[in-house]
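Values reported hereafter were calculated over all heavy atoms of this structure, with side chains retained and with hydrogens, waters and symmetry mates removed.
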Number of protein chains: 2
Amino acid sequence: MAKTTIADVARLANVSVSSVSNLLNDRSQRMRPATRKRIQDAIEQLGYTPSFAARHLKTGHSPFIGLIVPSVADPFFGSFARYVEEAASEKGYQVLLGNSDRDPEREKAYAEMLWGSGVRGIIFGSSLVKFDHLESLYREGMQFVSFYRSTHHGDQFSADTIGVDNIQATRLLTKHLLALGHRRIGFISGPTDMICRLDRVAGYTTTLNESGIDVDQQLIWEGDHPSPGKASAYLELGRQGAHYLLSLPDPPSAIIAINDMHAFGVYAGARDLGVIIPDDLSVAGIDDIVVTDIAVPPLTTIKQPIHDIARLSVERIIDRMEGNEFQEAIHRILPSTLLVRESTTNFAGRSNH
Amino acid sequence: MAKTTIADVARLANVSVSSVSNLLNDRSQRMRPATRKRIQDAIEQLGYTPSFAARHLKTGHSPFIGLIVPSVADPFFGSFARYVEEAASEKGYQVLLGNSDRDPEREKAYAEMLWGSGVRGIIFGSSLVKFDHLESLYREGMQFVSFYRSTHHGDQFSADTIGVDNIQATRLLTKHLLALGHRRIGFISGPTDMICRLDRVAGYTTTLNESGIDVDQQLIWEGDHPSPGKASAYLELGRQGAHYLLSLPDPPSAIIAINDMHAFGVYAGARDLGVIIPDDLSVAGIDDIVVTDIAVPPLTTIKQPIHDIARLSVERIIDRMEGNEFQEAIHRILPSTLLVRESTTNFAGRSNH
DNA sequence: CCGGGCTAGTGTATCGATACACTAATCCTG
DNA sequence: CAGGATTAGTGTATCGATACACTAGCCCGG
């Protein structure tokens, strides 16, 4: 019951605590195999595990990384969290999870708690347009890696960013729909307080412009902030957006939603109004969350390489924490791919109404 | 950049470190208001935050709780994790997340890492039938609370269990389907290595028996373990199960799936075979995950009070960690409710084939 | 056979907070 | 006004590991 310490091991193995410590920290090059074995046996016998608290107190760093996402109840971030945890645990790190609901105050409070707990690196699963609230922590030495922040908008400090090209994502979707003959394409966005969202809107508008189509601002629906904590909030927003767009005098024949949850909300909204997908309306999302391919109809979407992103994020944050502090920030963009499924189809002309 | 310590504060406020520590730990009853203010000002001025590592080393406990779930990529556990984190952070605790894939080895390894990190309490989001692999940790003083483990099967030690009555859950579903006229009701279970699953199967079989219907073992499909890490694994299992059950010489007219993800797999499997839900086949799940009500058709399911369960779990684990160690284990069952939606309907007689 | 260099370790101050045993100064109370 | 009780603190050993400055013993060259 009483915790066994490094001293207990040293006593049993008849060596000094220093030697045990050296072995534990891979500084045992110049140690006789016999001695090494004695120590290892003692560790085994006592079931000794080092105290991270003591180690942390002495060395100043802990085997923890922070992960802040809007909400793990969102299937997309749930998957992301899962991969982050997996990669971290392979490297001997543990993940402290925080849900921010995209609230800068909560993000800041959380990050500060983490700092107090000895965490020196945080992965953000999503980022607000402004990063200012984290500047003071950065000054103290906290390291950041941010997923989902494709472009850097003159931040005051250097955080790694890893993600997909969000502009490219909506560009692919918009081109796909244009190729199917759609000309009035709606966009359901939610609040554009995050960089990924701004980029996604931009990809949509620039692609339309390049194709000689004027962007009709009426076709861009920007929802309010959802009430925090409700996993179904995005569905509801998508539904509201669909109601709005489909009730326009000249409604769109296709809708791009900012993510798959919003897209499924569009499914519900369309059903409310008796609009059939894909016959009357093509719908596309982004993320490829777990249920997209068994939805009815299966959802056309953009698949993000979130497994790779998670692993890379973990590698980077550990690199940064383990000392190579003043290296340049990296801004890595990984490719995303268009998955064409049955929710998008050829524009069949304006249905009679 | 250099961390400010309790000694810095004491120096600035012209008191001893003991006094600062006393203030920080609410032992300042007998301290002059003026002194208290001096200390508080010094803390403010220096931006001092206590080192959790040092505190932990001295006191033996840390502000962390562990949360082990099969996978946060599963929307159900994602929601659960979200609520656990919320409740914990309100109480000043942080959540360390682990994904076990229901592998006892991984559970054990994870729990031991947590112990080494100073974590003295773990919430399990799901539990394996056997808890033996955790016994040695329990001996050392680790506390456990387990969600989803409705009955206690003679464990060697006392862990709190909080959850829903899984027997009752499938009982409600089975009765509902019987009331609709269904007599051949299939059950898709996945491996029955977890208590909640055993209970769910039991609720189904006993209810059938009580109604004078012989349980046809052919109608119970037990899938293999899914490949770890794949969020879509349950969908695939449900699909396989549906293929099997619907290809029987005398197929069921209704299927209960062990959870909603499996149920959506049944949706996919039914579609593969041209079976229409609910006309040809009624389907019901358990969990009420986020997309159930916008599925086509919306899924009849059992809603678990997972928000309450999460909060209660956090309260209990903190209680247990904070010393009242040898209190009795509690076994709390919270009510779950049947949500009837459009995926279940009256048995219409055997469709011609 | 002396001394420099190497091997295989050892001894101990230290990280930052806490807990417990102290004590100086003041206040009663008989 | 002696002396016990109370108030408002203080001093320091301690938690468990690490880092760095040591050193005992041996080898080998000159």
Side-chain angles (χ1 to χ4, degrees), chain A residues 1-40 42-43 46-63 92 115-118 120 140-141 322-323, chain B residues 1-40 42-43 46-63 115-120 140-141 322-323:
Chain A
M1 175 89 196
K3 180 110 177 95
T4 66
T5 75
I6 200 172
D8 301 325
V9 175
R11 209 169 303 129
L12 183 62
N14 241 306
V15 294
S16 69
V17 290
S18 305
S19 295
V20 181
S21 175
N22 285 337
L23 178 68
L24 279 143
N25 292 279
D26 286 328
R27 273 174 313 224
S28 59
Q29 304 83 0
R30 46 171 69 179
M31 189 183 286
R32 244 173 314 192
T35 314
R36 185 178 318 200
K37 177 131 196 339
R38 275 213 320 286
I39 299 178
Q40 274 159 347
I43 289 175
L46 296 171
Y48 165 77
T49 52
S51 149
F52 284 82
R55 187 175 278 181
H56 172 193
L57 178 58
K58 187 67 182 125
T59 65
H61 43 254
S62 60
W115 178 261
S117 305
R120 294 295 170 268
E140 295 201 70
E322 290 186 349
Chain B
M1 179 90 196
K3 181 110 178 93
T4 67
T5 76
I6 200 172
D8 300 328
V9 175
R11 209 169 304 129
L12 183 60
N14 240 305
V15 293
S16 70
V17 289
S18 306
S19 295
V20 180
S21 174
N22 286 338
L23 178 68
L24 280 148
N25 292 279
D26 287 328
R27 274 175 313 224
S28 59
Q29 304 84 357
R30 47 173 67 179
M31 189 184 285
R32 243 172 314 193
T35 315
R36 183 177 320 198
K37 178 135 195 341
R38 276 213 319 284
I39 300 177
Q40 273 159 349
I43 289 176
L46 297 171
Y48 166 76
T49 52
S51 149
F52 284 80
R55 184 174 280 180
H56 171 193
L57 178 58
K58 187 67 190 125
T59 65
H61 44 253
S62 60
W115 177 262
S117 306
V119 176
R120 293 296 169 268
E140 295 201 70
E322 289 185 351

What's the [atom1]-[atom2] distance between [X] and [N], to the nearest Å?
X       : N      : atom1 : atom2 : value
A:Arg30 : D:dT23 : CZ    : C1'   : 13 Å
A:Ile39 : C:dA8  : CD1   : P     : 13 Å
A:Lys37 : C:dA8  : NZ    : P     : 19 Å
B:Arg11 : D:dG11 : CZ    : P     : 14 Å

Next on the checklist: Please tell me if A:Ser19 has a side-chain N or O lying less than 4.0 Å from either OP1 or OP2 of C:dG9.
Outcome noted: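 So the side chain of A:Ser19 is outside the cut-off, no N or O lying under 4.0 Å from OP1 or OP2 of C:dG9.
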
Checklist entry - Who pairs with A:Ser117 by side-chain hydrogen bond (donor to acceptor under 3.5 Å, both in side chains), at least two apart in sequence or on another chain? => result B:Gln94

Item to check | Those residues that, when tested against B:Thr49, pass side-chain hydrogen bond (donor to acceptor under 3.5 Å, both in side chains) (two or more places apart) | outcome: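 Listed in chain order: B:Lys3.
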
I'd like a table of atom pairs between the protein and nucleotides 24-28 of chain D - only N or O on both sides, under 3.5 Å - with the distance next to each one.
none

Item to check | Residue pair A:Val17 / A:Ala7: nearest heavy atoms and the distance that separates them | outcome: CG1-CA, 3.8 Å

Checklist entry - Going by heavy atoms in the side chains, are A:Asp8 and A:Thr5 under 4.5 Å from each other? => result yes

Item to check | Pairing residues for A:Ser19 by the side-chain contact (heavy atoms from CB on, under 4.5 Å) criterion, not counting sequence neighbours | outcome: A:Val15, A:Ser16, A:Met31, A:Ile39

Next on the checklist: Taking side-chain contact (heavy atoms from CB on, under 4.5 Å) as the definition, give me every residue that meets it alongside A:Pro50, ordered by chain and number, with sequence neighbours left out.
Outcome noted: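 side-chain contact (heavy atoms from CB on, under 4.5 Å) list for A:Pro50, sorted by chain: A:Leu24, A:Tyr48, A:Arg55.
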
Item to check | Approximate separation, where rounding is to 0.5 Å, of A:Thr35 OG1 and A:Asn14 CG | outcome: 10.5 Å

Item to check | Point-to-point distance, once rounded to the nearest 0.5 Å, from CZ of A:Arg11 to CG of A:Leu46 | outcome: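 One finds 9.5 Å between CZ of A:Arg11 and CG of A:Leu46.
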
Pull out every protein N or O sitting under 3.5 Å from an N or O of nucleotides 15-19 of chain D, one pair per line with the distance.
{"residue": "D:dG16", "atom": "N2", "partner": "A:Ala54", "partner atom": "O", "Å": "3.3"}
{"residue": "D:dA17", "atom": "OP1", "partner": "A:Tyr48", "partner atom": "OH", "Å": "2.7"}
{"residue": "D:dA17", "atom": "OP1", "partner": "A:Ser51", "partner atom": "N", "Å": "2.9"}
{"residue": "D:dA17", "atom": "OP2", "partner": "A:Ile6", "partner atom": "N", "Å": "2.3"}
{"residue": "D:dA17", "atom": "O5'", "partner": "A:Tyr48", "partner atom": "OH", "Å": "3.4"}
{"residue": "D:dT18", "atom": "OP1", "partner": "A:Asn25", "partner atom": "OD1", "Å": "3.4"}
{"residue": "D:dT18", "atom": "OP1", "partner": "A:Asn25", "partner atom": "ND2", "Å": "3.2"}
{"residue": "D:dT18", "atom": "OP1", "partner": "A:Arg55", "partner atom": "NE", "Å": "2.7"}
{"residue": "D:dT18", "atom": "OP1", "partner": "A:Arg55", "partner atom": "NH2", "Å": "3.3"}
{"residue": "D:dT18", "atom": "OP2", "partner": "A:Ser21", "partner atom": "OG", "Å": "2.9"}
{"residue": "D:dT18", "atom": "OP2", "partner": "A:Asn25", "partner atom": "ND2", "Å": "3.2"}
{"residue": "D:dA19", "atom": "OP2", "partner": "A:Arg27", "partner atom": "NH1", "Å": "2.7"}
{"residue": "D:dA19", "atom": "N6", "partner": "A:Ser18", "partner atom": "OG", "Å": "3.4"}

